[in-house]
Amino acid sequence: EVQLVESGGGLVQPGGSLRLSCAASGFTFNGYAMSWVRQAPGKRLELVSAITGNGGTTVYAESIQDRFTISRDTAKNTMALEMNSLKSEDTAVYFCAKDRSRNPERGIEVWGQGTLVTVSS
């Protein structure tokens, strides 16, 4: 059974940094692309970033503007999102997701439960 467990969310001040982590199990980790998706209060789901199965290619939403970095560790079966220069509009529930194939173009098939990030002074 595929399992995705997010951690690292919490309260952070504007301009601060936070690192999210996703622990994955139940599948061949490096065989699938992974994504981070978020949902801000009252807003639609937004794809934040995605990374190919081998970690060789990454994509980011334009709203991120070079502030976040996605990565994965095959040995640990984990994926991370390093968030810097956080803004109030980054406040959202962040979901870890497993994609349908090695590349992200076919979309998401499994979701984690999410972790809340609140950016406020």
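Basis for what follows: all heavy atoms, side chains included, without hydrogens, waters or symmetry-related copies. Because the structure is predicted, anything quoted here is derived from the model rather than measured.
When hydrophobic clusters are built by joining Ile, Leu, Val, Met, Phe, Trp and Tyr residues whose side-chain heavy atoms come closer than 4.5 Å, directly or via intermediates, Met83 is grouped together with Ile51. The cluster map of Ile, Leu, Val, Met, Phe, Trp and Tyr, joined by side-chain heavy atoms under 4.5 Å apart, puts Ile70 and Ile64 in the same cluster. Leu116 and Val5 are assigned to two separate hydrophobic clusters, defined by single-linkage of ILVMFWY side chains at heavy-atom distances under 4.5 Å. Hydrophobic clustering (side-chain heavy atoms under 4.5 Å, transitive across Ile, Leu, Val, Met, Phe, Trp, Tyr) groups Leu4 together with Trp36. No continuous path of ILVMFWY side-chain contacts below 4.5 Å connects Leu11 to Leu18, so the two sit in separate hydrophobic clusters.
Side-chain N or O atoms of Glu6 include one that pairs as donor or acceptor with a backbone N or O of Gln113 at under 3.5 Å. At distances below 3.5 Å, at least one donor-acceptor pair connects side-chain atoms of Thr91 with backbone N or O atoms of Val119. For Thr52 (side chain) and Ala33 (main-chain N/O), no donor-acceptor pair under 3.5 Å exists by modelled atom type. A donor-acceptor pair is defined here as one N or O able to donate and one able to accept, closer than 3.5 Å; no such pair exists between the side chain of Asp99 and the backbone of Ser101.
Note on ring orientation: taking the six-membered ring where Trp is involved, the planes of Tyr94 and Phe68 are tilted (angle from 30° to 60°).
The number of heavy-atom neighbours closer than 6.0 Å to CZ of Arg102, taken from other residues, nucleotides and ligands shown, is above 12. Tyr32 OH: 12 or fewer foreign heavy atoms inside a 6.0 Å radius.
Within the structure, the salt bridge (charged side-chain N to carboxylate O under 4.0 Å, His left out) test picks out the following pairs touching residues 28-52 (sequence neighbours left out): Arg38-Glu46, Arg38-Asp90. Counting only residues at least two apart or in different chains, side-chain hydrogen bond (donor to acceptor under 3.5 Å, both in side chains) contacts with residues 10-28 comprise Ser17-Asn84, Arg19-Glu82.
The nearest pair of heavy atoms linking Phe29 to Arg72 is O-NH2, 2.7 Å. The two residues Arg106 and Arg100 have their closest heavy-atom pair at O-CD, 3.1 Å. Contact between Ser120 and Pro14 at its shortest, heavy atoms only, is C-CD, 3.6 Å.
Within the model, atoms SG of Cys96 and CD1 of Ile108 stand 9.5 Å from one another, a figure rounded to the nearest 0.5 Å. The SG atom of Cys22 lies 12.0 Å from the NZ atom of Lys98; values are rounded to the nearest 0.5 Å.
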